[in-house]
Amino acid sequence: MAKTQLNVRVDEGTARAARERALARGMSVNRYIEELVRQDAGEAGHTFVEAAADFMKQYEAVFAEEFGTDGEKPREGRG
């Protein structure tokens, strides 16, 4: 993906906090800010929901066998 340069002005305390938090996470300040914006925009949440939906599709039969489906009782021996 192409990158676009974005210049922002923040107070020294905010800049220091961004540097410290990025360093603690082992990433650049640029990457740290980029991830914060993505999280705020909900991209991380959408990715999680999509992964959870894929997981449920893959293991739907296993869950149905173990726990039953609406209107069905789960298999004996559980509970």
Side-chain angles (χ1 to χ4, degrees):
M1 173 180 358
K3 297 283 185 169
T4 299
Q5 184 170 338
L6 176 68
N7 296 311
V8 298
R9 293 185 183 272
V10 297
D11 62 68
E12 187 54 42
T14 301
R16 184 173 41 256
R19 288 185 200 105
E20 290 170 359
R21 290 173 189 258
L23 181 63
R25 288 169 174 77
M27 61 178 65
S28 68
V29 173
N30 188 66
R31 178 73 180 164
Y32 175 68
I33 300 296
E34 191 173 14
E35 286 191 11
L36 288 177
V37 172
R38 282 194 181 130
Q39 288 174 6
D40 188 53
E43 185 174 305
H46 292 297
T47 301
F48 172 79
V49 170
E50 288 174 6
D54 287 342
F55 174 85
M56 290 303 294
K57 281 182 187 176
Q58 289 178 11
Y59 294 97
E60 181 178 12
V62 175
F63 280 95
E65 181 181 330
E66 185 71 19
F67 302 107
T69 58
D70 289 340
E72 278 184 21
K73 293 187 179 209
R75 70 181 184 180
E76 293 298 317
R78 298 289 302 170

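Any value given below was found using the heavy atoms of this structure, including those in side chains, with hydrogens, waters and symmetry copies removed. Since we're looking at a predicted model, the values are computed, not measured.
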Partner set under salt bridge (Lys or Arg N to Asp or Glu O under 4.0 Å) for R16, not counting sequence neighbours: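 By the salt bridge (Lys or Arg N to Asp or Glu O under 4.0 Å) rule, R16 matches no residue at all.
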Non-neighbouring partners of E60 that pass salt bridge (Lys or Arg N to Asp or Glu O under 4.0 Å), sequence neighbours left out: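 Here no residue qualifies.
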Please list every donor-acceptor pair under 3.5 Å in which a side-chain atom of residues 26-33 meets a protein atom from a residue at least two apart or in another chain.
from : atom 1 : to  : atom 2 : distance (Å)
S28  : OG     : R31 : N      : 3.0
R31  : NE     : E35 : OE2    : 3.0
R31  : NH2    : E35 : OE2    : 3.2

For E50, side-chain hydrogen bond (donor to acceptor under 3.5 Å, both in side chains) partners two or more places apart: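 side-chain hydrogen bond (donor to acceptor under 3.5 Å, both in side chains) list for E50, sorted by chain: empty.
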Test side-chain hydrogen bond (donor to acceptor under 3.5 Å, both in side chains) applied to R21 - qualifying residues, sequence neighbours left out: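 R21: no side-chain hydrogen bond (donor to acceptor under 3.5 Å, both in side chains) contacts found.
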Spatial distance of atom CZ (F67) from atom CD (E65) [nearest 0.5 Å]: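 That separation rounds to 11.0 Å.
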Sequence neighbours excluded, every pair satisfying salt bridge (Lys or Arg N to Asp or Glu O under 4.0 Å) that has a member inside residues 1-11: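 Listed once each, the pairs are K3-E34.
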L36-V8 co-clustered via ILVMFWY side chain contacts under 4.5 Å: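 Different clusters: L36 never reaches V8 through Ile, Leu, Val, Met, Phe, Trp or Tyr contacts under 4.5 Å.
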Cluster link V37 to F48, ILVMFWY, side chain under 4.5 Å: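 V37 does not cluster with F48.
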